[in-house]
Each structure stands twice: as C-alpha cells, then as structure tokens.
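I have placed the structure first, in the form of structure tokens, so that the comments after it can refer back to it.
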Amino acid sequence: MGKSCKIKLYFKIMKVGGFMLIKPRQVPKELSMARSLNARMDVLAEEKWKIEKGLTGEVKFDALTDGMLQNKCCIINGLWLKSGDSAFQIDKLMIFLRKIYLIDVKNYEGDYHFDAEGRLKKGETFIRDPLNQLERAETLFRKLQHQYGYNFTIESFLVYINPEFTLYNAPQNHFVILPTQVNKFLKKLNMEYSKINEGHEKLAELLVSLDLIDSPYANYPDYSFKGLAKGNCCCMCHRLSTFLRGIRLVCRDCGAEEPVDDAVVRNVREIMMLFPEMKITTKVVYEWLGGHISKRTISRNLIKHFKSVGVKKNRYYT
Ligand SMILES: [Zn+2]
C-alpha cells in the first residue's frame with residue numbers, strides 16, 4: 001500500500017478550540033523553489049535541507065499549539081513583513097487581548113553551548129544567536145504596528161522544539177523556551193486573561209495582507225525552462241522518480257502514490273511559480289512532464305482547474 005500524498009501539512013482555517021486561525025501554515029515559497037530546482041537542476045541542496053527541517057519544527061509546534069491552546073487569540077502562521085526598508089520573518093504570531101506574541105521556532109539538533117564571551121557555538125563552530133534576529137524582528141514589528149496606529153505590548157519568544165537539542169551555559173532568559181519547557185509555555189498562555197473581537201481579527205487580516213509571501217533575501221540560481229530536467233517530482237520526496245501505474249503516479253524511491261490529475265495540477269502550479277511570465281499551454285505542460293502523461297489528460301485538467309484565455313492555437317491558461 002503506497003503512502004498517500006494527501007497527509008502533508010496542517011491545513012485548517014477555523015476556530016480550533018478557543019483560538020482563531022487566520023493563516024494556516026503553508027510551504028514557504030523559498031522551499032517550493034528549492035525542492036523544484038534541487039530535483040531538476042541539482043542545486044540548493046543545503047538550503048532545501050535547512051528550510052525543510054525548519055518547516056518540520058514549525059509544523060510540530062503548530063500541532064502542540066492546536067492540541068493545547070484553549071485561550072482566545074488570533075493566530076497567523078508564517079509571515080514575511082517589511083518595516084521601512086527592512087524585511088523580517090515571523091514563524092508564528094499570536095494576537096491576544098492587549099498583547100502580541102512573536103514566536104520563532106528553531107528545530108536545532110545536538111549540543112550547543114555559550115562560550116565565556118556569551119557567543120553561541122555548536123562544537124567549535126560559531127552560530128548566529130537566533131535571539132538577536134528575534135529582537136530585530138520585535139523592534140521592526142513594533143514600528144510597523146505604530147505605523148498602522150496600533151499599540152499592543154509585544155513580546156517575543158524563541159522556541160527550541162527538537163527534543164534532541166541541548167543548550168549548555170545558557171544565560172537565564174524567560175524568552176527562550178527549551179524543548180522541555182514548551183508544554184509549560186503553552187499552559188502559561190492559557191492562563192492569560194484574553195478576549196478577542198473584530199478589531200483583533202481586522203489587525204490579523206491586515207498583517208496577512210502585508211505578507212511578502214517570499215523571502216526578499218532568497219537568492220535563486222539562474223535557470224531556464226530548457227535547462228531544467230523534465231518529469232514529475234514525487235509529491236512526498238520531491239525526486240524525479242515517479243512512473244505511471246494506471247491513473248496514479250508511483251514513486252520508485254519512497255513509494256508515494258498520487259492521482260495523475262492531482263499531479264498535473266501541481267506541476268502547472270510549479271511551472272507558474274518558476275516561470276511567472278510563461279504562457280501555460282497543453283504543449284508546455286506535456287513537455288514539462290517529459291511526455292509521460294497524455295496531452296488529453298493534461299488538457300482536461302487545464303480546462304477543469306484553470307482559466308483559459310484565447311482560442312484554438314493561441315489558447316493558454318492562467
Ligand atoms: Zn518519492
């Protein structure tokens with residue numbers, strides 16, 4: 001029995017317990033790009049691994065929050081914001097009655113320590129202390145809320161989520177949550193007096209509307225349609241290693257299965273992401289998929305899931 005591609009990420013927009021999820025966790029664009037270019041061009045391996053690991057940590061913290069948080073608040077999962085010329089990222093933002101919590105989740109693994117000068121290290125390697133980055137985000141977020149006339153108390157927390165993570169000589173800091181303290185942290189959030197109203201929701205929606213979607217610091221290598229390897233990337237392991245079995249694509253490497261129709265739609269979105277200017281036609285998608293999927297199947301899915309522009313030979317989809 002193959003693994004289904006459907007169980008991937010936490011996806012729900014509704015009131016879960018007492019909180020309101022304004023933006024569910026999504027695969028960051030930087031990761032989608034890295035997955036695609038890594039499979040088709042053999043680049044960005046390290047970036048892909050890093051962001052993949054970060055996302056796993058965030059999803060794990062989301063699951064704990066969904067299970068334990070019962071207090072009234074608005075939650076936004078994953079934001080890239082800009083204040084002035086400076087961009088900053090927030091993994092999870094929680095709006096309570098009078099407070100906003102900015103949460104950075106780190107999925108670091110292994111033994112880390114602070115040296116005598118207070119610098120963070122893993123073995124002999126210096127690591128940029130994520131707390132500095134979080135303090136920067138807090139300062140920029142404070143500016144941003146003032147710009148829109150809000151005056152919430154802002155507090156930020158750094159959550160180390162991986163149970164295999166140990167931090168030695170850590171200076172006392174209640175804004176740093178170690179793996180063994182995560183449950184206690186969520187319980188504390190439940191104790192806080194909170195109520196939310198339309199004003200809180202409006203602020204959450206404003207923040208989502210300001211989301212830059214992709215990291216402005218992302219640096220993608222040059223690529224072209226012609227230069228990328230063709231075929232379907234597996235929906236689970238993202239390798240170009242699927243074959244057609246009836247109406248499903250099956251992965252030789254990880255065993256994942258996906259209906260061909262779903263794969264076609266996913267591939268069209270992949271082309272659109274990589275080549276936003278390209279006119280999507282049946283021929284383009286056919287070539288992209290390495291000629292393994294019939295033009296009839298591709299055309300049927302284009303008509304069903306996308307908007308067609310033009311007629312006959314000049315028809316393309318958006
Ligand atoms: Zn696979």
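When a ligand or atom number is given, it counts from 1 through the structure's own listing order.
The distance from the Zn ion (ligand 1) to the nearest N/O/S atom of Cys235 is not under 2.8 Å. Residue contact annotation: Cys251 places an N/O/S atom under 2.8 Å from the Zn ion (ligand 1).
Residues Lys106 and Asp104 are paired through a salt bridge, judged by an N-O separation under 4.0 Å between the basic side chain and the carboxylate. Under the 4.0 Å criterion applied to side-chain N and carboxylate O atoms, Glu138 and Arg142 are assigned as salt-bridge partners. With respect to Asp261 and Lys304, no salt bridge is recorded, no charged nitrogen being found less than 4.0 Å from a carboxylate O.
Expressed to the nearest 10°, the angle at the Zn ion (ligand 1) joining SG in Cys254 with SG in Cys237 is 120°.
Screening Lys92, Lys23, Glu58 for a side chain to side chain donor-acceptor pair (under 3.5 Å) involving Asn77 leaves a single residue, Lys92.
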